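Here's the structure, in structure tokens; my notes come after.
Read the numbers this way: they start at 1 and go in the same order the structure lists the ligands and their atoms. The first residue of the sequence shown is numbered 1, and numbering continues consecutively from there. Since we're looking at a predicted model, the values are computed, not measured.
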Amino acid sequence: MPDHLFLNISGSSIFDAASPQAVRIRQLMIEFIIAATAILLLVAVLTTYISVKYRSKRQQEEPKQIIGNRTLELWMVGVPLALVTLFFFRSMATMNAVLPDPAGQHPDVIITGHQWFWEAVYPGTTVSTANEIHLPVGKKLLLQLDAADVIHDWWVPALGGKMDMIPGRNNYLWVTIDRPGIYEGACSEFCGQQHAWMRIRVVAQLPPDYAQWLNREAAAARMPQDALARSGAALFMESTCGSCHRVRGTTAAGIAGPDLTHFGSRITMLTGMLENDSANLNHWLTDPQQVKPGAHMPRFIFAKDSIRSLTTYLEQLK
Ligand code: CUA
């Protein structure tokens, strides 16, 4: 596959914090960097100075033997102990500020890591989507994070902390997004062959835009608009695509793969790997294993025309 098909992923940086949680973490990070740099410089300068100043001037002579130095030893234990204690409490304070106990609160979004996509369910609505996770700005949101198969790890650097997603366990993360935009992240725990192509896109929107998006997503899938798409829809239902994928409003109700109800409205496909367009969709349906080796999408042998009808159907699922 030619390189230009891959999306140019810019990523986001912890230094470009876009939430109060990320600001706290960045602050702690800067304090650590300052302390570590000061220690590095002190040790480097002292080591150089001492090794030059006290180097042996005559060969074959035993250096002067010193046994113990109480004052120096107290300093050498005391300073690291004080620093470790200081940073222990700084880290605790940051964790308490960033990760308050979600006790009894309902999550705003439930995100589940799968090999290799992110499923997002919005409790209290019928919305279920994948990979492009829309969130409103200015509201303190509770994300519930879990995993369907192996351990994954959620991390959108500009929005704050990293959180493991562990099968059979719910973890939580708070996030208050300051400004609209697309924030990129990636799975940060090796989870198999396509771990590197498990990208995250958080689409942060102003509340009215978000409400509008949620409304549209809650609707059942659009009916196919023309004969080609109709034959694609029929093929989709016949070819057991629906055992793994859900298209709300049709008989396709699978949950093993990404929900495709509004697939056509997503900018990217394959968890941020490719732009969502007909050429890429065509490649993917022709030979999934060539596009994304190891992906749990089997290769169906479709005729060329059938792929065109499937592509047309999927693109109309706006
Ligand atoms: Cu999911 Cu790495």
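Atom ND1 is the N, O or S atom of His152 at the shortest distance from atom 1 (Cu) of ligand 1. Among heteroatoms of the N, O or S kind in Glu189, O lies nearest atom 2 (Cu) of ligand 1. Nearest to atom 2 (Cu) of ligand 1, among the N, O or S atoms that His195 has, is ND1.
Summarising the local packing, CG of Leu99 is surrounded by more than 12 heavy atoms from other residues, nucleotides or ligands at distances under 6.0 Å. Within 6.0 Å of the CE atom in Met237, the count of heavy atoms belonging to other residues, nucleotides or ligands exceeds 12.
Ring geometry for Trp213 against His134 counts as parallel: the plane angle stays under 30°, on a 0 to 90° scale with 60° as the upper cut. Taking the six-membered ring for Trp and thresholds of 30 and 60 degrees, Tyr49 and Tyr54 have ring planes more than 60 degrees apart, a perpendicular arrangement.
For atom 1 (Cu) of ligand 1, the set of nearby N, O or S atoms under 2.8 Å includes one belonging to Cys191. Within the 2.8 Å limit, Asp153 places no N, O or S atom next to atom 2 (Cu) of ligand 1. Between atom 1 (Cu) of ligand 1 and Met198 there is an N/O/S contact shorter than 2.8 Å.
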(message) side-chain hydrogen bond (donor to acceptor under 3.5 Å, both in side chains), that's the test. Do Glu132 and Thr268 meet it? Break it down for me.
(response) CA-CA 8 Å; Glu132 292 178 7; Thr268 62; 2.6 Å; yes
